[in-house]
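Read the structure below first, then the notes.
Labels below follow one simple rule: chain letters A, B, ... track the order of the sequence lines, proteins then strands, and each chain is numbered from 1.
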Protein chains: 2
Amino acid sequence: MQSQGYERPMRADARRNRARIMDAARELFAAGGEVQIDEVARRAGVGVGTVYRHFPDKEALMGELVRARFRLFNENLAAALEREDRPFDALAEAMRANAASVAEDAATRFAFMSGGERVFAHAAVEMEEFMQLTTALVARAHASGELRSDFQAPDVPMVMCGVCATIDKGAAGWDWRRHLELVLSGMRR
Amino acid sequence: MQSQGYERPMRADARRNRARIMDAARELFAAGGEVQIDEVARRAGVGVGTVYRHFPDKEALMGELVRARFRLFNENLAAALEREDRPFDALAEAMRANAASVAEDAATRFAFMSGGERVFAHAAVEMEEFMQLTTALVARAHASGELRSDFQAPDVPMVMCGVCATIDKGAAGWDWRRHLELVLSGMRR
DNA sequence: ACCTGAACACCGTTCAAGT
DNA sequence: ACCTGAACACCGTTCAAGT
């Protein structure tokens, strides 16, 4: 159902509803606390059934929010690959941009932290692209000799997951920018 | 209700039930997936009402599991403070020990990741002690000149939270020991 | 082709009755 | 003083009826 490639375009009202549902979910997550489907439906101005017509279950809705965010991550990674100079800094900047992206999206944070594997399965294609772009950035940084030699491409999402946890918890005295800079300094050779 | 200091000792059967409930919860979390209170009660061999007699709600049960784990964290920190030589290594070893501790406790991980502030409020006293011990370890490491000068005591739980997220997710190609070593290398001056 | 919302299912929580 | 489990409440999900 998730507008996956080759199917016929949705009716205009359906497409509008779908967008409204995702916006409503994002807004409710941004407001903090628990988010119920009934609430999402009400804010989106649709019936619950419509939410379930577009998203088979709550995890699928979360998964779509995650997927949209991964597209933004990938834009940042692609932009970093454009840069020719200073490969390590390009990688670092992309990670800073992605962390900032997560910082303004409570829904994705919630999905990352509390969501099961099924949430991520929805964004499998985007995660694949994420890993390809990341692998290229890491390879270039290695070639330049600026990156710690045992650092691997999967370490990027791993440490980003850690920073994301810090952002989401937001405890007193915590600062995710410091956290990321600490990690980046550990990555530097 | 949480055997908080000055109240009269529990009846022997009540104390036994309380321990069984916590053990059951730990075991079920270790087995993975969702954990329901009914299930906890069944495995502990008590009625649901008994679970609610000992723990006002599910978060309180989670909070008690977190509290017990924080006591173990604090033992590790205290042991590190005993060491006279190499203050940075003492701090690093304590962090490794605590990460390993979290790695064998899925219940605490779940509470850390998904639990709200109320879960942590239960362990306020233990967290206070955690911060005092950590502050001492960080101060000593700073004095020895081995620790990055802008590193602060609250950064310890912050980065540990990140490593905990890595442990809990356990995605392919991730290795929380590598994650922690990367962070430690960022901490080293 | 899509929408609605009452009805159902599941699980957290309560409480009257029991020992 | 503590325990039990049926009953209740809440929220995710379904589906018959509507446009």
Query raised in the report: Just how far, in rounded Å, is C1' of C:dT13 from CG of B:D38?
Result: 10 Å
Report task. For D:dT14, take OP1 and OP2 only and decide whether either is under 4.0 Å from a side-chain N or O of A:Y52. Result -> no
Query - Nearest heavy-atom neighbours spanning A:R67 and A:E126 - result: CD-OE1, 3.1 Å
Requested in this report: Could you state the atom-to-atom distance from CD of B:E59 to P of C:dT13 in whole Å?
Outcome: 8 Å
Report task. Determine yes or no for a side-chain-to-main-chain donor-acceptor pair under 3.5 angstrom, with B:E146 supplying the side chain and B:F88 the backbone. Result -> yes
Report task. Consider the side chain of B:I37, meaning its heavy atoms from C-beta on, and name the nucleotide among C:dG12, C:dC3, D:dC3 that approaches it most closely. Result -> C:dG12
Query - Residue whose closest nucleotide on DNA chain D lies nearer the 5' end, A:V35 versus B:T50 - result: B:T50
Query raised in the report: For the atom pair CD (A:E34) and CG (A:L28), what is the distance rounded to the nearest 0.5 Å?
Result: 12.0 Å
Report task. Return the nearest nucleotide to the side chain of A:A14; candidates are D:dT13, C:dC2, D:dC3. Result -> C:dC2
Query raised in the report: Can you check the A:E34 CD to C:dG12 P distance for me, whole Å?
Result: 13 Å
Requested in this report: Let me know the distance between CZ of B:R42 and P of C:dC11, rounded to the nearest Å.
Outcome: 11 Å
**Report entry** Nearest to side-chain heavy atoms of A:V48, which nucleotide of C:dT4, C:dG5, C:dG12
**Finding:** C:dG5
Query - Residue B:V46, side-chain atoms from C-beta onward, closest of C:dC3, D:dG12, D:dT4 - result: D:dT4
Query raised in the report: Considering only D:dC2, C:dC11, C:dT13, which nucleotide approaches the side chain of B:D13 most closely?
Result: D:dC2
Requested in this report: Provide the Watson-Crick or G-U wobble partner of D:dC10, both distances under 3.5 Å; none if there is no partner.
Outcome: none
Requested in this report: Establish, with yes or no, whether the OP1 or OP2 oxygen of C:dC3 is under 4.0 angstrom from a side-chain nitrogen or oxygen of A:N17.
Outcome: yes
Query raised in the report: So which nucleotide from C:dC2, C:dA6, D:dC3 ends up closest to the side chain of B:H54?
Result: D:dC3
Query raised in the report: How do B:R11 and B:G45 order along DNA chain D: which one's closest nucleotide is nearer the 5' end?
Result: B:R11
Report task. Could you state the atom-to-atom distance from CZ of B:R20 to P of D:dC2 in whole Å? Result -> 16 Å
Query raised in the report: Got B:V156 and B:M160 here, is their nearest side-chain heavy-atom distance under 4.5 Å?
Result: yes
Query raised in the report: What's the closest nucleotide to the A:Q36 side chain, out of D:dG12, C:dT13, D:dC3?
Result: D:dG12
Query - A:R188 side chain to A:L147 backbone, donor-acceptor under 3.5 Å - result: no
Report summary line: A:F55 atom CZ is separated from C:dC2 atom C1', nearest whole Å, by 14 Å
**Report entry** A:K58, nearest nucleotide to its side chain (from D:dC2, D:dT13, C:dG12)
**Finding:** D:dT13
Report task. Can you tell me the pairing partner of D:dC15 across any strand shown, Watson-Crick or G-U wobble, with both distances under 3.5 angstrom? Result -> C:dG5
